[in-house]
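Heads up: the structure comes next, in structure tokens.
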Amino acid sequence: MALSSERLFDSLGHFGRFQACVYFASVFQAMSCGIHYLASVFMAVTPNFVCGFPGNVSSVLFHNSSASSIEDIWTLWTSTENYIVVQLENGEIWELDQCSRSKREVSLDLAYEYKGNKSVFPCSDGFLYDDTKWKSTVVTQWDLVCDREWLAKLIQPTFMLGVLIGAVIFGDIADRLGRQRVIWFTSAGQFVFGIAVAFTFDYYGFVIVRFLLAMVSSGYLVVAFVYVTEFVGIKARTWASMHVHAFFAMGIMIVALVGFFVRTWWVYQIFLTIATLPFVLCCWMLPETPFWLLSEERYEDAQKVIDTMARWNKVSTSCKVSELCSVQQDDLARTGDNDTSSTKKHTILDLFCNWQIARRTITVWLIWFTGSLGYYVFSLSSVSLGGNEYLNLFLIGAVELPCYIIACLAMDRLGRRNTLIPFLILSALICVLIMFIPQDFNILIILANMAGKFSIGVAFGLIYLYTAELYPTVVRSLAVGSGSMMCRVGSVVAPFCVYLRSVWIFMPLLLVGIMALLSGILTIMLPETLGKPLTNTLVEATEMGRNKKSCSEKTPPAHSGAALEKDRGCLVKKELGLTNKAAAKWLFPILITI
């Protein structure tokens, strides 16, 4: 199937006008995924606050500064350990802390320091928030502070949990019902749930709707990877699939821009959602991929899509489905594997079938986890670096754009392993370096964090392809799928890691640095896959790790990843004895990694 599919692209073009239109329309909506993934960095901000007070204020005192209202005091607030003294119109004097308030028993003179008796009361009159930066956030909306602070800290982890579940559910649905229908549903779902989040009436409704929003956002991103790679030929597939991440990064930049101009959380959420409205209005025009149609034996529909591709790409002679099918039959006849015998069912345990493969699996999982953890720790922490938090987040997103170009160039010239190792170790060194930068050097800290995000971004983008090449055909989908699951686990853990800043400001960087250094060291033991054909059996994959020198001597170098793809269809069928339809269903999900 791989050979005949590439025959299709050789005939119609690997990235013609039709593919360009489909590609850019699809990845445009990927910006919406980046938007919703990082929207909470401003939506769930906790501003300065103190307990409310019972009555009207006549005077406010903060250290040596006095004012007539608390709003005038916020510019002087420097620490959560501070408190504000207020005198009410009835003469009572109260000390307002963040999570408690004290009434002075003797209220003669208004002074900041007081040694007399005080009665402590809970914050039964609510809280007063600093609205100089944000007029409203979900924290101020539902008082998610003090004993309810843990609810605010669950907002991002629950969203990432929805991301994990959505990737699993919609990935399977796309294989059953088609990519087109899932793209329609998930893109419409992002708009509907995105708007619904802004009109939730309580915290629990807000979390539930955002959980659903996370599921459809993750589902779209996963299926969009498959969708665009099934329309793009070998010559452009690596760059096309890699740069889907770049549009995700552009979504992060949009979050920073909208956050700068809109300071009310529900209006902010609406503006973020309508940013990708044009795609929702035209996504119904996107066709189903011819590969999925062929796998379902819908040959007439596949021929219509192929004819449309030929017309848009200005190809005079369209490729015929009958020719593709005849090529498949000829390939099967030459290999002598026309039987449709049942194949062995492989499980996750096959990724630990021997010590070589088990060690490889543990290392790959660790890289997936570390890449996701570092990616979101650098992104979520950017608003706490000092300086302008909106500019910080914008730069953290912008630095990803060149990192994927570097990753594409380096992986095809230096090799997958030789690119992965230095960038993982570099990210660890940057984490250590940041710890020694004085906190007053805001610009230097921001630049170092951008460098850390750049290096971890290269490793994170590369691991998709490297995982697919490290494992044999019979367990390749399992390997990529399980690695993706570890990636989602890392994204769930990342917000909790960021919260450890309250324990020690450098704790998140220390954890990311340790994981990146460990991953980089373990990667040294992985085999290089550049210029080597894909392995077919677990025995071949094991030998690739044991005898790297002999493998490289026997295998002539290939250019980029193109030659590897051309062997893939024969390898699958030779090992598994699949029918045409079954082979197609195995091959198409794998395209996401190329």
### Task
Answer with yes or no whether the side chains of E469 and T529 bring together a donor and an acceptor at under 3.5 Å.
yes
### Query
Which heavy atom of F279 sits nearest a heavy atom of I183, and at what distance?
CZ-CG2, 4.1 Å
### Task
Say whether, by atom type as modelled, one donor and one acceptor occur between the side chain of N392 and the main chain of V383 under 3.5 angstrom.
no
### Message
One pair to check against side-chain contact (heavy atoms from CB on, under 4.5 Å): F121 and W94. What are the steps and the verdict?
### Response
CA-CA 10 Å; F121 296 90; W94 290 77; 3.6 Å; yes
### Flag if over 12 foreign heavy atoms under 6.0 Å of CZ, F211
yes
#### Entry: Reported CG-to-CG distance for the pair L128 and L96, which is rounded to 0.5 angstrom
7.0 Å
#### Entry: P47 side chain near D131 side chain, heavy-atom distance below 4.5 Å
no
### Summary
Closest heavy-atom pair, N442 versus L385, reported as atoms and distance to 0.1 Å, is OD1-O, 3.8 Å
### Query
Can you tell me if S40 and Q156 form a side-chain donor-acceptor pair at under 3.5 Å?
yes
### Query
Looking only at atom types and distance, does a side-chain atom of S502 sit under 3.5 Å from a main-chain N or O of Y499, one as donor and one as acceptor?
yes
### Query
Taking C-beta and beyond as the side chain, do S519 and L522 meet within less than 4.5 Å on heavy atoms?
no
### Task
Could you check T273 against Q190 for side-chain contact (heavy atoms from CB on, under 4.5 Å), going step by step and ending with a plain yes or no?
CA-CA 8 Å; T273 302; Q190 284 186 81; over 6 Å; no
### Task
Ignoring hydrogens and angles, state whether a donor on the side chain of S482 or W365 is under 3.5 Å from an acceptor on the partner side chain.
yes
### Message
Can you tell whether the side chains of E92 and K103 come within less than 4.0 Å, N to carboxylate O?
### Response
yes
### Query
Does some side-chain heavy atom of F460 sit less than 4.5 Å from a side-chain heavy atom of T370?
no
### Rounded distance (nearest 0.5 Å) linking atom SG of C431 with atom CG of N449
8.0 Å
### Task
Decide whether a cation-pi geometry holds between R263 and F261; the criteria are a distance under 6.0 Å from NZ or CZ to the six-membered ring centre and an angle within 45° of the ring axis.
no
#### Entry: Pair K118-E95, salt bridge (charged side-chain N to carboxylate O under 4.0 Å, His left out): steps then yes or no
CA-CA 9 Å; K118 295 182 288 187; E95 294 181 8; 3.0 Å; yes
#### Entry: Side-chain heavy atoms of R360 within contact of L526, under 4.5 Å
yes
### Task
May I ask you to check whether Y37 and F248 place their ring centers less than 6.0 Å from one another?
yes
### Query
Of all heavy-atom pairs between L213 and G194, which one has the smallest distance, and what is that distance?
CD1-N, 3.9 Å
#### Entry: Side-chain (S100) to main-chain (P122) donor-acceptor, under 3.5 angstrom
no
#### Entry: Residues forming a side chain to side chain contact (heavy atoms under 4.5 Å, CB included) with A214, sequence neighbours excluded
F159, V163
### Task
Look only at the side chain of S382 and the backbone of I396, and say whether a donor-acceptor pair between them is shorter than 3.5 Å.
no
### Query
Can you list every salt bridge (Lys or Arg N to Asp or Glu O under 4.0 Å) pair that touches residues 155-169, not counting sequence neighbours?
none
### Query
disulfide (SG to SG under 2.5 Å) with C487: which residues, sequence neighbours excluded?
none
### Message
Would you compute the distance between atom CG of L424 and atom CG of L462 and round it to the nearest 0.5 angstrom?
### Response
9.0 Å
### Message
Quick check on the 6.0 Å ring-centre criterion: do F42 and W265 meet it?
### Response
no
### Query
Side chains of S119 and R101: donor-acceptor distance under 3.5 Å anywhere?
no
### Query
Around atom CZ of F260, are there more than 12 heavy atoms of other residues, nucleotides or ligands at under 6.0 Å?
no
### Message
Tell me whether Y204 at atom OH has more than 12 heavy atoms from other residues, nucleotides or ligands lying less than 6.0 Å away.
### Response
no
#### Entry: Ring centre gap for Y404 and W239 strictly below 6.0 Å
no
### Query
Is K453 positioned over the aromatic face of F378, cation under 6.0 angstrom from the ring centre and no more than 45 degrees off axis?
no
### Query
Considering only heavy atoms from C-beta outward, does the side chain of Y268 approach that of V255 to under 4.5 Å?
yes
### Query
Have W134 and T140 got a donor and an acceptor in their side chains that come within less than 3.5 Å?
no
### Message
Please give me the minimum heavy-atom distance between I437 and A448, naming the atom from each residue.
### Response
CD1-CB, 3.9 Å
### Query
Hey, is CZ on F28 packed in by over 12 heavy atoms from elsewhere, all under 6.0 Å?
yes
### Message
Over 60° means perpendicular and under 30° means parallel, so tell me whether Y129 and F49 are parallel, tilted or perpendicular.
### Response
tilted
### Query
Would you say the side-chain atoms of E105 pair up with the backbone N or O of N117, donor to acceptor, closer than 3.5 Å?
no
### Query
Hey, what do you get for CG (L257) to CG (L391), rounding to the nearest 0.5 Å?
10.0 Å
### Query
Do T186 and S217 come close enough that some side-chain heavy atom pair is under 4.5 Å?
no
#### Entry: Non-hydrogen atoms of G189 and V216 that approach each other most closely
C-CG2, 3.8 Å
### Message
Once rounded to the nearest 0.5 Å, what's the spacing between atom CG of L212 and atom CZ of R210?
### Response
11.5 Å
### Donor-acceptor under 3.5 Å (S372 side chain, S491 main chain)
yes
#### Entry: Minimal non-hydrogen separation, A494 against Y376, with atom names
CB-CB, 3.6 Å
### Query
Does any non-hydrogen side-chain atom of Y203 lie less than 4.5 Å from one of I155?
yes
### Message
For the cysteine pair C99/C146, does the gap between the two SG atoms stay under 2.5 Å?
### Response
yes
### Message
For the residue pair Y471 / T361, report whether a side-chain donor-acceptor contact shorter than 3.5 Å exists.
### Response
yes
### Query
For the residue pair F206 and W142, does the interplanar ring angle fall in the parallel (under 30°), tilted (30 to 60°) or perpendicular (over 60°) class?
tilted
### Query
For R501, does its backbone N or O pair with a side-chain atom of W504 as donor and acceptor, under 3.5 Å?
no
### Query
Have E400 and Y375 got a donor and an acceptor in their side chains that come within less than 3.5 Å?
yes
### Message
Quick one, D202 with V207, criterion side-chain contact (heavy atoms from CB on, under 4.5 Å). Give me CA distance, side-chain angles, the key distance, then yes/no.
### Response
CA-CA 9 Å; D202 61 8; V207 170; over 6 Å; no
#### Entry: Side chain proximity check, M435 to L510, heavy atoms < 4.5 angstrom
yes
### Query
Going through the checks in order, is the side-chain contact (heavy atoms from CB on, under 4.5 Å) test met by K133 and E389?
CA-CA 11 Å; K133 282 190 175 181; E389 58 265 43; 3.2 Å; yes
### Message
Classify the ring geometry of F454 against F423: parallel below 30°, tilted from 30° to 60°, perpendicular beyond 60°.
### Response
tilted
### Task
Mark yes or no for whether R416, through its side chain, and M411, through its backbone, hold a donor-acceptor pair below 3.5 Å.
yes
### Task
Would you tell me whether T264 and S136 have side-chain atoms, one donor and one acceptor, within less than 3.5 Å of each other?
no
#### Entry: From CG (L164) to CE (M485), nearest 0.5 Å
4.5 Å
